[in-house]
Engineer: 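Quick one: the structure is below, questions incoming.
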Amino acid sequence: MKVVGAYFLEDKLNIYMFFLSLILSFVCCNLCCADNATLVTQQRQMLHTYVEIKAYGDNASAAIDAAFNEMERVNSLLNNYDPASEISQINNNAGGNAVTISPETVEALQTALKFCKLSGGALDITIGPLVRLWGFTQEIPSMKGAGPDSHEIQKARQLVDYQSLQVLQDMQGGPGTARLAKKGMWVDVGSFSKGYCADKAIAVLKKYGINNALVAAGGTINAIGKKADGSQWKVAVRHPRKEDDFMTFVPLCDASISTSGDYERFYMKNGKRKGHIIDPHTGKPVDRMQSVSVVAASGLESDLLSTTLFVLGPVNGMRLIDSLPGTSALLVSYDGKLGISKKWPVKTVIY
Ligand code: AMP
Ligand code: MG
């Protein structure tokens with residue numbers, strides 16, 4: 001059964017947002033475990049999307065509440081649209097002093113920077129000035145007039161450079177500091193914050209003794225353990241051009257899947273689609289992919305990698321994912337060609 005309830009039907013826009021990301025499909029025929037544990041499901045509107053948590057266990061309700069609270073807490077550190085967040089402090093002090101950041105922000109930024117380097121700058125978490133230039137900081141993305149000219153693009157590009165973001169930490173797992181080298185630079189956490197929040201939710205569920213659960217946050221779904229009947233959680237990957245269709249179902253156990261798509265946030269300009277993922281090298285929205293789904297060990301990694309592969313495109317993206325242990329990907333290029341990486345868990349994919 002699809003996860004569509006009356007709750008979702010109240011708000012068309014959010015249904016749209018929800019279905020733009022991965023759509024879950026659970027074959028929940030058994031709601032009761034052998035040990036009588038009941039499946040508890042809760043949704044919350046947060047992180048600019050719907051977040052859903054499913055968990056088995058006697059204290060699942062309390063655990064889910066705590067997991068949602070943890071996601072709110074971590075998001076309040078990272079959200080670059082919240083003026084009080086640590087990332088906003090870094091952005092507001094660009095070119096000035098280093099700011100103190102929590103261990104969570106250190107961890108998320110340092111991991112993200114690792115992938116920026118690994119991708120040769122295709123992923124660049126200082127993409128903010130270009131995201132703004134192309135009209136994607138608005139609630140509903142749009143572009144008036146002809147759009148940015150090459151001079152404006154060049155100017156914004158000069159403020160995009162992940163190597164100019166310095167993140168330091170004295171002690172492993174402790175707080176740290178961060179500083180952007182130039183005024184006007186701007187860290188954008190859109191490529192990884194939901195994945196990281198999903199990881200943090202899973203960590204809280206585990207602390208409550210929950211071993212079988214699933215957290216869906218926008219384009220990222222993180223699953224631990226199994227369903228009550230012993231079968232694996234299964235996640236549907238939506239068709240990038242047919243909103244209600246799935247391309248495939250992916251089994252997920254102690255792993256995470258993230259999808260980046262050109263259908264998520266976009267507008268049309270002169271008959272051309274302009275999507276929210278920007279190539280830092282050209283300074284323009286990427287127009288070579290429809291969608292990329294990545295399976296990895298954590299939500300942070302799958303989220304970072306799906307955005308990375310979207311920018312890298314089918315050839316370089318496939319090369320990178322095949323070189324990384326424990327990761328796999330399903331890519332759909334702009335002309336609808338499928339790319340299935342060596343370790344992708346299912347061979348049946350219908351476009
Ligand atoms: P996702 O949906 O996880 O692929 O993340 C897309 C979001 O990441 C965009 O809405 C931007 O906020 C941000 N973004 C866009 N282009 C890039 C890029 N090249 N590197 C890092 N973040 C990006
Ligand atoms: Mg991402």
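In each ligand, atom 1 is the first atom listed, and ligand 1 is the first ligand listed. On a predicted model such as this, the values are computed, not experimentally measured, just so you know.
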Engineer: Output yes when Lys284 and Asp279 qualify as a salt bridge under the 4.0 Å nitrogen-oxygen rule, no when they do not.
Structural biologist: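 Looking at Lys284 and Asp279, the cut-off is not met.
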Engineer: Has Asp170 got more than 12 heavy atoms of other residues, nucleotides or ligands less than 6.0 Å from its CG?
Structural biologist: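 Atom CG in Asp170 is not packed in, count stays at 12 or less.
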Engineer: What's the shortest distance from atom 23 (C) of ligand 1 to any protein heavy atom, and which residue and atom give it?
Structural biologist: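 So the nearest neighbour among protein heavy atoms is Ile127 CG2, 3.5 Å.
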Engineer: For ligand 1, is there an N or O atom under 3.5 Å from any N or O atom of Thr307?
Structural biologist: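 In this structure, Thr307 places an N or O atom under 3.5 Å from an N or O of ligand 1.
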Engineer: Would a hydrophobic clustering, with Ile, Leu, Val, Met, Phe, Trp and Tyr connected at side-chain separations under 4.5 Å, put Leu123 with Met318?
Structural biologist: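 Yes: a chain of side-chain contacts under 4.5 Å links Leu123 to Met318.
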Engineer: If the contact criterion is a heavy-atom separation under 4.0 Å, does Gly128 count as touching ligand 1?
Structural biologist: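 No heavy atom of Gly128 comes that close to ligand 1.
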Engineer: Taking N, O or S atoms only and a limit of 2.8 Å, check whether Ser306 reaches the Mg ion (ligand 2).
Structural biologist: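 Checking the Mg ion (ligand 2) against Ser306, no N, O or S atom falls under 2.8 Å.
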Engineer: Do any N/O atoms on Phe192 end up under 3.5 angstrom from N/O atoms on ligand 1?
Structural biologist: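 Checking ligand 1 against Phe192, no N or O pair falls under 3.5 Å apart.
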Engineer: If hydrophobic clusters are built from ILVMFWY residues whose side chains come within less than 4.5 Å, do Phe266 and Phe310 share one?
Structural biologist: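 No, Phe266 does not connect to Phe310 through the hydrophobic network.
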Engineer: Show your working on salt bridge (charged side-chain N to carboxylate O under 4.0 Å, His left out) between Glu70 and Arg73 and close with a plain yes or no.
Structural biologist: CA-CA 5 Å; Glu70 174 69 352; Arg73 184 186 74 80; 2.9 Å; yes
Engineer: I'd like to know: is the Mg ion (ligand 2) within the 2.8 Å range of an N/O/S atom from Ser260, strictly under that distance?
Structural biologist: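 So Ser260 does not bind the Mg ion (ligand 2) by this criterion.
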Engineer: For Asp303, is at least one N or O under 3.5 Å away from an N or O on ligand 1?
Structural biologist: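 Asp303 vs ligand 1: N/O contact under 3.5 Å present.
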Engineer: Under 3.5 Å, side chain of Ser88 to main-chain N/O of Asp82, donor-acceptor pair present?
Structural biologist: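 Pair found, side chain donor or acceptor close to backbone of Asp82.
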Engineer: Give me the nearest non-hydrogen protein atom to atom 7 (C) of ligand 1 as residue plus atom name, then the distance to 0.1 Å.
Structural biologist: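 The closest heavy atom on the protein side is Gly190 C, 3.7 Å.
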Engineer: Is it true that, when you exclude Asp335 itself, more than 12 heavy atoms of the residues, nucleotides or ligands shown sit nearer than 6.0 Å to its CG?
Structural biologist: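 Counting other residues, nucleotides and ligands, CG of Asp335 exceeds 12 neighbours.
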Engineer: When you measure from the centre of the six-membered ring of Tyr351, is the NZ or CZ of Arg238 closer than 6.0 Å and no more than 45° off the axis?
Structural biologist: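 No, cation not above the ring by the 6.0 Å, 45° rule.
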Engineer: Give me the residue, atom name and distance of the protein heavy atom closest to atom 13 (C) of ligand 1.
Structural biologist: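 Answer, as residue, atom name and distance: Asp188 OD1, 3.6 Å.
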Engineer: Give the atoms of ligand 1, by number and element, whose distance to some non-hydrogen atom of Val311 is under 4.0 Å.
Structural biologist: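 Selected atoms, number and element: 19 (N).
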Engineer: Atom CD1 of Ile53 and atom CZ of Phe68: how far apart are they, to the nearest 0.5 Å?
Structural biologist: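 Those atoms lie 4.0 Å apart.
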Engineer: Have a look at His276, Arg265, Lys194 and point out the one with the heavy atom closest to atom 15 (C) of ligand 1.
Structural biologist: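 Minimum heavy-atom distance to atom 15 (C) of ligand 1 goes to His276.
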Engineer: Short N/O distance, under 3.5 Å, between Asp124 and ligand 1?
Structural biologist: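 N/O-N/O distance under 3.5 Å: yes.
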Engineer: Below 4.0 Å from ligand 1: does a non-hydrogen atom of Glu264 turn up there or not?
Structural biologist: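 In this structure, Glu264 qualifies as a contact of ligand 1 - some heavy atom is under 4.0 Å.
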Engineer: Should you measure from each heavy atom of Leu123, which atoms of ligand 1 turn up under 4.0 Å away?
Structural biologist: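 Answer, ordered by atom number: 20 (N), 21 (C).
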Engineer: Which heavy-atom pair separates Gly173 from Pro103 by the least distance, and what is that distance?
Structural biologist: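 What the structure gives for the nearest pair is O-CB, 3.4 Å.
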Engineer: Are any of the side-chain nitrogens in Asp124 or Arg157 under 4.0 Å away from the carboxylate oxygens of its partner?
Structural biologist: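 So Asp124 does not pair with Arg157 through a salt bridge.
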Engineer: Going by the order shown, which atoms of ligand 1 are within less than 4.0 Å of some heavy atom of Ile277?
Structural biologist: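 Reading through ligand 1 atom by atom, the close ones are 4 (O), 6 (C), 15 (C), 16 (N).
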Engineer: Polar contacts were defined as any N/O atom of the residue lying under 3.5 Å from an N/O atom of the ligand; does this apply to Ile278 and ligand 1?
Structural biologist: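 For ligand 1, there is an N or O atom that lies under 3.5 Å from one belonging to Ile278.
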Engineer: Show, in sequence, the C-alpha distance, side-chain angles and deciding distance for Arg179 and Val99, and conclude whether the side chain to side chain contact (heavy atoms under 4.5 Å, CB included) test is met.
Structural biologist: CA-CA 6 Å; Arg179 180 178 182 271; Val99 302; over 6 Å; no
Engineer: For Lys117, does the NZ atom sit with more than 12 other heavy atoms under 6.0 Å from it, leaving out its own atoms?
Structural biologist: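 It does not: Lys117 NZ has 12 such atoms or fewer within range.
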Engineer: The Mg ion (ligand 2) as vertex, arms to O of Ser191 and OD1 of Asp303: angle to 10°?
Structural biologist: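 The two atoms form an angle at the metal of about 80°.
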Engineer: With heavy atoms only and a cut-off of under 4.0 Å, state how Pro280 meets ligand 1: side chain, backbone, both or neither.
Structural biologist: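 The part of Pro280 near ligand 1 is the side chain, not the backbone.
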Engineer: Has Gly219 got any heavy atom lying under 4.0 angstrom from an atom of ligand 1?
Structural biologist: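 Contact absent.
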Engineer: Enumerate the atoms of ligand 1 whose separation from the nearest heavy atom of Ser260 is less than 4.0 angstrom.
Structural biologist: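 Answer for ligand 1: 1 (P), 3 (O), 4 (O).
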Engineer: Test your reading of the structure: does Ile125 have an N or O sitting under 3.5 Å from an N or O of ligand 1?
Structural biologist: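 Min N/O separation from ligand 1 is not below 3.5 Å for Ile125.
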Engineer: Looking only at protein heavy atoms, which one is nearest to atom 8 (O) of ligand 1, and how far off is it?
Structural biologist: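 So the nearest neighbour among protein heavy atoms is Ser191 N, 3.3 Å.
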